[in-house]
Amino acid sequence: DPLPDKAAAKEFYARYEPKEVLGKGVSSTVRKCIEKESGKEFAAKIIDLTGADARESETLREATLREIEILRIVAGHPYIIELHDVFESDTFIFLVFELCKNGELFDYLTSVVTLSEKKTKYIMRQLLDALEYVHSKHIVHRDVKPENVLLDDNFNVKLTDFGFARVLQPGERLYELCGTPGYLAPELLKCNISESSLGYGMEVDIWACGVIMYTLLVGCPPFWHRKQMIMLRNIMEGKYSFTSPEWDDITDSPKDLIHRILVTDPERRITVREALHHPFFQIMHYQGKKFD
Ligand code: ADP
Ligand code: MG
């Protein structure tokens, strides 16, 4: 359990040597750090509870404690980030994670522009494996995107950022608008404009995977428009296409899988488990497991 004392920040700095910043969010900074005792490298997500008013700070603490609780439920999966240590004080919470030396899938994609079908298969299988595990625990992630998919030394996927994740009670539906615009599922967007909405559930995560898979293969997202309102409308209408010439040389199998994922009706959309059984992942056109 986290140490609820004020000395926690001191304790963190006594055990870890902070190094360069790896990422920054609205209220958190992620830094590389070295565990003094072992000399091993980790990534510390430092959540600053100061600056905001008392109520805001309490909301942030509750959100962080929920994130920790969920990280513990999904712990032990090879493609989910491992939480190594937690320090909690009045003003800061420190989450110490295993370090992913190869950073975000987002930055990797930016550097290579597009991924081959083979590499896309390798990444997507691991991401779906991670999500299958998350969903099996009745947890919905709600912020699946390439910034939250990290790559370790061996270019294996580590799904991270459970900051929006929720445990779903049997039959429970969600109504809250959260996530990142380009990856939002149609039912999540509609749930804020339609009175008759039935809310949304786990299906929002596989939708985001469809957006990622499309983007990995051709380097641009399926619903993108410079005017965000139009992009959001395209998402709600499921309006995307396999544009020429980018898609000309891509085989039918990944297109078919994307087609089954980017279905606006969540009840007709393929599930994570079904996606893992899609022919795209069954055809083996490489020998080893290694990502080259
Ligand atoms: P936020 O909720 O602020 O988005 P994240 O947990 O997504 O916080 O972390 C923000 C960024 O910090 C990530 O997108 C990534 O670039 C970097 N980061 C987070 N955890 C790690 C890690 N374990 N190893 C390497 N980089 C990390
Ligand atoms: Mg993030």
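Order of appearance sets the numbers: ligands from 1, and atoms from 1 within every ligand.
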Between Y13 and F87, is the ring centre distance below 6.0 Å?
no
Given the side-chain rings of Y122 and F155, with only the six-membered ring counted for Trp, is the space between their centroids under 6.0 Å?
no
Considering non-hydrogen atoms of the protein only, which is the closest contact for [atom], and what is the distance?
atom                    : answer
atom 7 (O) of ligand 1  : D161 OD2, 2.9 Å
atom 23 (N) of ligand 1 : E98 O, 2.8 Å
atom 21 (C) of ligand 1 : L150 CD1, 3.3 Å
atom 13 (C) of ligand 1 : E104 OE2, 3.6 Å
atom 6 (O) of ligand 1  : K45 NZ, 2.9 Å
atom 10 (C) of ligand 1 : V30 CG2, 3.9 Å

Does ligand 1 have a heavy atom under 4.0 Å from the side chain of S28, from its backbone, from both, or from neither?
side chain
Check: T160 N/O within less than 3.5 Å of ligand 1 N/O:
no
Heteroatom distance test (K24, ligand 1): nitrogen or oxygen, under 3.5 angstrom
no
For R142 and Y200, test the side chains for any donor-to-acceptor distance below 3.5 angstrom and give the result as yes or no.
yes
For H135 and D205, which I'm curious about, is there any donor-acceptor pair between the side chains at under 3.5 Å?
yes
List every atom of ligand 1 that sits less than 4.0 Å from any heavy atom of [X], numbering the atoms from 1 in the order shown and giving each element.
X    : answer
N148 : 7 (O)
L22  : 16 (O), 25 (C), 26 (N)
F97  : 23 (N)

Distance in Å, I70 CD1 paired with L65 CG, rounded so as to fall on 0.5 Å steps
11.5 Å
Separation of L60 CG from T50 OG1 (nearest 0.5 Å):
10.0 Å
If you look at D161, which of its N/O/S atoms is nearest to the Mg ion (ligand 2)?
OD2
Please determine which of K40, R15, H84 meets the side chain to side chain donor-acceptor pair (under 3.5 Å) test together with E35.
H84
